[in-house]
Asker: 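Quick one: the structure is below, and I'll ask about it shortly.
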Amino acid sequence: MSDANSRSIVSNQAGIHEKLDEIVNKHLDAEFKKPIAAHTQTAFDEVNAKVQAFSGPLILDSCCGVGESSANLAKRHPDALIVGIDKSSHRLDKHDVEYKQTDSGQYILVQADLNDFWRLAVA
Ligand SMILES: C[S@@+](CC[C@H](N)C(=O)[O-])C[C@H]1O[C@@H](n2cnc3c(N)ncnc32)[C@H](O)[C@@H]1O
């Protein structure tokens, strides 16, 4: 039987790292200082303006890929605003060509890095 092409894992660590708790807690206590990417700030501002002007439920479709799931969510929840978010313009660009479903619901797709987008949304 073949092991496919996977490399075997070699490590001198036999179990959970002895300092795992300490390391995780150190990072939980530290302020995350990575700057927000400019393109995500712009995308967030555009989305935020639409969200503030909307009075119904909001659904974030994070990592929406080509946005097929966003279109389906919009069909299923016609009273909601669906925001599909993905970092890949290559995937998002496929939406209009292959997946656009405009017969019901409302959704928007934006290119953004979710690590930054979620921080902006929480703030
Ligand atoms: C496995 S695909 C899932 C696509 C889609 N949900 C579907 O079911 O077809 C994962 C997606 O997550 C996106 N992604 C991964 N990390 C991301 C990040 N930090 N910010 C935004 N999108 C991200 C990728 O670009 C990719 O489209």
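We count ligands from 1, going down the list as the structure has it; atoms in each ligand are counted the same way.
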Asker: With a 4.5 Å cut-off on side-chain heavy atoms, are Ile85 and Cys63 touching?
Answerer: no

Asker: Within a reach of under 6.0 Å around NZ of Lys34, are more than 12 heavy atoms found that belong to other residues, nucleotides or ligands?
Answerer: yes

Asker: Is the backbone of Asp21 close enough, under 3.5 Å, to the side chain of Asn25 for a donor and an acceptor to pair up by distance?
Answerer: yes

Asker: Do Val51 and Leu81 have side chains that get closer than 4.5 Å, going by heavy atoms?
Answerer: yes

Asker: Distance-only check: which donor-acceptor pairs under 3.5 Å involve side-chain atoms of residues 7-16, not counting sequence neighbours?
Answerer:
residue	atom	partner	partner atom	Å
Ser11	OG	Gln13	N	2.9
Gln13	NE2	Gly15	O	2.8

Asker: Can you pull the residues with any heavy atom under 4.0 Å from ligand 1?
Answerer: Cys63, Cys64, Gly65, Asp86, Lys87, Ser88, Arg91, Ala112, Asp113, Leu114, Asn115

Asker: Are Tyr107 and His95, when compared by the centres of their aromatic rings, separated by less than 6.0 Å?
Answerer: yes

